[in-house]
Amino acid sequence: MESSILTFLIFLPVAGAALMLPFSKLYGKENTHYFKWIALITTGIQFALALILYRKFDPALSVTESPFTVQIDWIKHFNIQYFLGVDGLSMPMVLLTALLSFICILASWKIEKQALGYFSLFLLLDAGMMGVFLALDFFLFYVFWEVMLLPMYFLIGIWGGPQRMYAAIKFFLYTLFGSVFMLLAMLALYYYSDPHTFNLITLIQTASSIDASIWGFSVKYLIWIGLFIGFAIKVPIFPFHTWLPLAHVEAPTAISVILAGVLLKMGTYGLLRISYPLLPGEVVNFSYILAVLGVINIIWGAVNAIAQIDMKKMVAYSSVSHMGYVLLGMAAAISESSAGAQAGMNGAVMQMFNHGTITAMLFLLVGMVYDRAHHRWIIFPRDYEKPELAGQPGFGGIGAQVPIYTGFVALAFFAGLGLPALSGFISEAMCFIGGFSAFRTLTIIGTLGILLNAIYFLRAYQRIFLGPLNETYKDLTDINKIELATIVPLAIITLVLGVYPAPLLNMIAPAMDGIIQIVQSAL
Amino acid sequence: MESNLNLLALLNLFLPLVSFAILIFFGKKIGESAHWVALTLIGITLVIAMFFFSTVFSPHEGPILQSSIQWFTTGSFTLYLGFLINNVAAIMLLVVALISFLVHLYSVEYMKGDPRYSRYFAYLGIFTFSMNGIVLADSLVMMYVFWELVGLSSYLLIGFWFEKDSAANACKKAFLTNRVGDIGMFIGMMILFFTVGTFQLDGLADGVKDGAFSGNMQLLTIAGILVFMGAVGKSAQFPLHIWLPDAMEGPTPVSALIHAATMVAAGVYMVVRIFPILTPGALEFIAVVGAITALMAAIIAITQNDIKRVLAYSTVSQLGYMIMALGVGAYQAGFFHLTTHAMFKACLFLCSGSVIHAMHHALHELHDHDTDPQDMRFMGGLKSKMPITYWSMLIATLAIAGVPFFSGFLSKDAILAGTLSYYHSHHGWTIFLPLAGFGAAAITAFYMFRLIFMTFYGKPYEQKIHAHIHESPVKMTFPLILLSVFSLALIFTLPNTVNPVDSHGWFTHAVPMVQNNAGLDMHAVEEGIHHAHYTAMTLSLIVAGLGIFVSVLFYLLQKIDASKISSFMNKFKFYDISFNKFYIDEIYNFLLYKPFLGLSWIASKLDWDLYDQKFIDGWGWITLKLSDKSGDADYNWLDQKIVDGFGNLTNYFGKNLKLSQNGVVQNYLLGGMLGVVLLIIIFQQF
Amino acid sequence: MDSLNSYLVIAAVLFALGIYGVITRKNAVAILMGIELILNSANINFIAFNRFGGMETLDGHVFSIFVIVLAAAEAAVALAIVINLFKNIGSVNVDDADLLKG
């Protein structure tokens, strides 16, 4: 049972997608509720599996000792294996993916146009995401990484907003551009490692002894840069971040949720899974730059978010800012103080999980108001279609009209700005503490983020929910049951982890210890 | 015993949160009886607080309760949550619980009929919970957690009537201004953590004593000042005081609870808690900030016409006093003033609420919706109509003005003695501190009595309004009476003495001088204060008397026309500066808000319109152009010209060679012969 | 007439005349006459080499008799073709037989 759980996690959605075909033949493409229910049940089972995995998961066991690991020869000639495993780094990601996939299916319940395509593509995406987090063979990792791209392209390009084609193409090409560098690095690792292998666990031992150089640069440095570019585009790290606001704005709600909640984490996951253990020497040299980039992300993302008038774009830029915290925490791995290094790294992975849930909440809530009012303006732009509304507050005072919804938005906004007793604070604070132990001045600059993040959230909250009620919206309906079902689990997680983060931390800490040891041994 | 105390402390902390939870989720169903839930739970909290207070009087070594549990750990990085209840904390707990309970009671009447009645009590509950958390916290990180939660509660309560734009603006302003201070506090916390190794308060004190900062005292000073920034934000010190006057948008009981007695006092409380690790340098900075705040706010309060604004600025000023006291080392005086101020300021606010409530009802009955019920110029002569309110307010005003027999006199006197002794030991520019202190005292007396005279004395502005005024019901007046009793001096001096000028009582015994481990000789400070005591007392009596006298002249006896004086003062723009709060909000707007928002607009344009659309898409544009050119080259040149060229060449040769096929066999034979001849010649060569 | 060269010269002259006749004459029968000249020049060569070449056998003479016979046969056939050609295109002028023109 144990050895096949991971395989099921990945391929169950594929089976679900395949199952939709006979249903569509039998009942026709118009009966969309079959596809929705298949998708819901599939992701539900997947989530249940993930929970079972969580119950049985022992964080102290390394991948090689864990009973869940699967290692089968695939393409023997090139030493490629079907190698799946789960450890403290991937476990929270697996849970996050499973949970958000389930929630996104619920959030997509209203999709009618070409529903078969939508749900099957989504399930494929789900499989790809799971695969990325579970793969421990670089080739397999790369395969799943690319598998994610195509469904996203279609999901954004067909069911998205007015500029969806532009957004989809841009997202696809930009990410693919990064993947090319990752491919080069992967091949270099294969070629220069002795024995030639894609196996990430073996490479941990052998990669540091790569000694060659090309055109005057050491191969390890080039591999690091290649991997970094590939992952940096996904995180996204300034200056590779501009695809994000566009993709988020144009994607449908559920896709935005999964994009921000899971796909963004893959960049930092890749850095932690691949770059950090394999190239600790480069990590040590690069940490300062990583910290600088992290602080730039925090500040630039927040400053930009303040200027936005579209709510979704504002939340997108807030994602950029929050990922900056992760980078700052990751840069702390080289800190001399072991408390600081641990705080930083654990805070980073925690922030990945927490940001996934919080930003998912944010996008879901924005989607709800968009469904009702068909716009997301915080204040109406001057060239809005209805000229009599131009220059007015976009919504205005709907707090009184939709109190339960407002309550959830308040929870989500305050979680986003890092209010204590909500999960975001702990991860944020730990990232700062870690970063401070390694890079004092940079972290001090980064703490401006505490203020800046509050500014745009509160401004948006005030413009939309406070103040006198805008007469246009006096018939706005409050949150309904399906929407409530999507939000409540995330809200509960945010509250519980804010007060009692120990379960999450106990999962992560041993794995982070391992990575910190590897990095610090190269100091 | 320990576990019982732990349980009590836990209940004290969490019962208000239970109140919040019940009222948020079930408030609609409970409706008008929401206050029973809240009053019961807060009442139990009050009883527990009274219990802890009683342990102050029983002999004990060290803190009453000190316990902690592990919150979470990653191996070498661990955070703890715990309680540290010493005498100071126990007194503070009582203050918080008492005023919270009284405010709850008062609000039953004040907020009657409000559509979000249960929500209001829920928010009061979460506030009490957060405030208790700050009081009980044994580590800086726990304090920070509740610090922010208090900020959240304040946000919710100030913005309670959020349909008003002014309230929505005010709550956002409060939260953001507090956040600025919180940044400093967080950085300071991190510095302390990484030098000493812990966030625990006693751990920090010990660490500093054991020399964790030896050789680097400057770093400790910086850390101290940074942590103090949190207090600057929370306790509305200059330059982060701007949110407090705007916070008056919230309901008056909220102002009494949060923005007078408890939340804003949290900053002072925090400085009290971290006092052992504050270096003389940090303390000097703190003292100056406090002095500036005290004086500046007092000057602004002179000209305000809104009754709550006067009290708000008075609060800022008094907080400045407390901060200044701690800065000059008068630790006990600062905390003493915090306690006395909590009582009389809450009383003042609740009294003003009573007045506003009465005015509001009167105007409502007259169908007058334009007159501002909070503007003192529309009041006058209310003494006869609202006697209980009047007497309570008068007692509280006497306390704040520093008149003997009232609590404020004792605490203020101690602070002023502290500033005098500080000047005596430091000389030079530090004369500013006692000057600010005494000056602010005089001005305080002046404007507080101005408030009394304008509101309760003289001719009513309009007889019609005056006729409809009546005293508030007992749920509102009971807290007023109780608090005014607590503004009397003997409450704090019993059982030792009833001498109005002697502050030795249970309070001074319960809050002894604390050790400062960062280099301040507390004994010398105590000595100095003792010496300066009588000078300070005399001076403060003179100064208070002066203020009251001038106020009587201006407003009671109307001997001097206030408006003439103000237009005279305005020759130097003094009146305008005072009335417009030193234009600080406008300066911030001009120097900070507008440029920052402009910057963020520029950043957005840079990031999107320039960087993404031009640069990133530029790569796409270049790629497309390149591929256009390459497609062009490939088709028009490579394919058409070169590849087809071969075909054309072949065609050309074919056409031309075809001409030699003329069908005449003899020509072919000739060709053949010539070829043979050629071959022979060639082969002859070889 | 004692040396070989004289005979070879005569044969060459005859050959050249024959070639000239084949290439330039328009009349088909004239071309055939030229071909006869060529064949006869080859005959003279054969006999001359046999006489002056130092051989015991009479191979050259025998060969030339063969050639004469074949020339006669070939002439007969060629004339038959010419007659057929005349029947088809109505002329014995070879310039008129241009059906192979490309």
Side-chain angles (χ1 to χ4, degrees), chain A residues 170 173-174 239 241-243 245-246 300 303-308 337-343 345-346 397 399-400 407 414 417-421 425-426 429-430 432-434 436-437 443-444 447-448 450-451 454-455 458-459 461-462 465-469 500-502 505 508-510 512-513, chain B residues 24 70-79 115-116 119 141 144-149 151-152 155-156 159 162-165 167-169 171-172 175-176 179-180 182-184 186-187 189-191 193-194 197 596-597 599-608 611-613 615-617 620 623:
Chain A
K170 191 153 178 178
L173 288 178
Y174 215 142
H241 63 289
T242 53
W243 61 268
L246 186 63
W300 186 254
V303 169
N304 269 296
I306 295 174
Q308 300 307 321
S337 141
S338 85
Q342 281 190 349
M345 290 290 274
N346 282 288
F414 277 108
L417 61 86
L419 189 76
F425 166 69
I426 298 186
M430 282 173 75
F432 276 133
I433 292 176
F436 191 79
S437 71
T443 312
I444 291 182
T447 49
L448 265 178
I450 298 179
L451 174 66
I455 293 180
L458 289 183
R459 250 173 131 234
Y461 189 75
Q462 183 187 349
F465 296 96
L466 304 180
L469 178 62
Y500 184 54
L505 274 175
I508 305 172
M512 288 303 113
D513 253 345
Chain B
I24 278 286
Q70 185 180 303
W71 189 13
F72 60 84
T73 178
T74 66
S76 19
F77 176 74
T78 318
L79 284 185
R116 291 195 289 270
R119 200 93 72 81
V141 82
Y144 185 84
V145 167
F146 286 103
W147 198 262
E148 295 255 351
L149 283 176
L152 170 73
Y155 177 85
L156 292 171
F162 60 75
E163 288 87 353
K164 285 199 321 188
D165 273 323
N169 274 328
C171 64
K172 175 185 71 174
F175 196 83
L176 291 177
R179 274 253 149 155
V180 175
D182 293 346
I183 295 181
F186 194 73
I187 300 177
M189 270 165 56
M190 288 200 286
I191 296 179
F193 178 72
F194 281 112
F596 180 72
L597 288 175
L599 186 74
S600 109
W601 183 85
I602 292 178
S604 162
K605 279 253 170 301
L606 268 178
D607 188 70
W608 183 253
Y611 177 62
D612 185 72
Q613 296 297 296
F615 184 70
I616 297 287
D617 279 8
T623 313

Exercise. With side chains defined as the heavy atoms from C-beta onward, is the minimum distance between A:Ile455 and B:Ser600 less than 4.5 Å?
Worked result: no
For this session: To the nearest 0.5 Å, tell me how far A:Trp300 CH2 sits from B:Leu606 CG.
Result: 5.0 Å
Seminar exercise, completed: Heavy-atom nearest pair, B:Lys172 first then A:Leu458, reads CG-CB, 3.9 Å
Seminar exercise, completed: Applying a strict 4.5 Å limit to non-hydrogen atoms, the region of A:Met345 in contact with chain B is neither
Problem set entry | Contacting moiety of A:Ile426, where chain B heavy atoms sit under 4.5 Å | side chain
Exercise. Any side-chain heavy atom of B:Tyr611 within less than 4.5 Å of one from A:His241?
Worked result: yes
Problem set entry | chain A contact via B:Phe193 - side chain, backbone, both or neither, heavy atoms under 4.5 Å | side chain
Problem set entry | pair B:Phe186-A:Thr443: side-chain heavy atoms closer than 4.5 Å | no
For this session: Would you indicate whether the side-chain heavy atoms of B:Phe77 and A:Asn346 approach each other to under 4.5 Å?
Result: no
Exercise. With a 4.5 Å limit on heavy-atom distance, are the side chains of B:Leu79 and A:Met430 in contact?
Worked result: no
Seminar exercise, completed: Per-residue tally against chain A (heavy atom, under 4.5 Å) across B:Asp617, B:Asp182, B:Ile24 peaks at B:Asp617
For this session: Could you tell me the separation between the CG atom of A:Leu417 and the CG atom of B:Leu152, rounded to the nearest 0.5 Å?
Result: 9.0 Å
Exercise. Which distance, rounded to the nearest 0.5 Å, do you find between the CG of A:Leu246 and the CD1 of B:Ile616?
Worked result: 12.0 Å
Exercise. Under 6.0 Å between the ring centres of A:Phe414 and B:Tyr155?
Worked result: yes
For this session: Side chain from CB out, backbone as N, CA, C, O: work out which of these in A:Pro239 comes under 4.5 Å of a heavy atom of chain B, or both, or neither.
Result: both
Problem set entry | Test side-chain hydrogen bond (donor to acceptor under 3.5 Å, both in side chains) applied to A:Ser338 - qualifying residues, sequence neighbours left out | B:Ser76
Problem set entry | Heavy-atom pair count under 4.5 Å with chain B, highest-scoring of A:Thr242, A:Leu469, A:Leu451, A:Val303 | A:Thr242
Problem set entry | Where A:Pro420 and B:Glu148 come nearest, the two heavy atoms and their spacing | CD-CB, 3.1 Å
For this session: Side-chain contact test, heavy atoms from C-beta onward, threshold under 4.5 Å: evaluate it for A:Leu505 versus B:Trp71 and give yes or no.
Result: no
For this session: Please examine the side chains of A:Ile433 and B:Phe194, heavy atoms only from C-beta on, and report whether any two atoms are closer than 4.5 Å.
Result: yes
Problem set entry | Under 4.5 Å from a heavy atom of chain B, the part of A:Ala429 involved | both
For this session: Can you measure from CG (A:Asn304) to CH2 (B:Trp601) and round to the nearest 0.5 angstrom?
Result: 12.5 Å
Problem set entry | Portion of A:Phe465 that has a non-hydrogen atom of chain B nearer than 4.5 angstrom | backbone
Problem set entry | B:Ile187 side, atom CD1; A:Ile444 side, atom CD1 - distance, nearest 0.5 Å | 5.0 Å
Exercise. Given the options B:Glu163, B:Lys605, B:Arg119, B:Gln613, which has more heavy-atom pairs under 4.5 Å with chain A than any of the others?
Worked result: B:Glu163
Exercise. Do the two ring centres, one from B:Tyr144 and one from A:Phe425, sit under 6.0 Å apart?
Worked result: yes
Exercise. Are the side chain of B:Asp165 and the backbone of A:Gly467 linked by a donor-acceptor contact shorter than 3.5 Å?
Worked result: no
Exercise. So which part of A:Gln462 gets closer than 4.5 Å to some heavy atom of chain B, the side chain, the backbone, both or neither?
Worked result: side chain
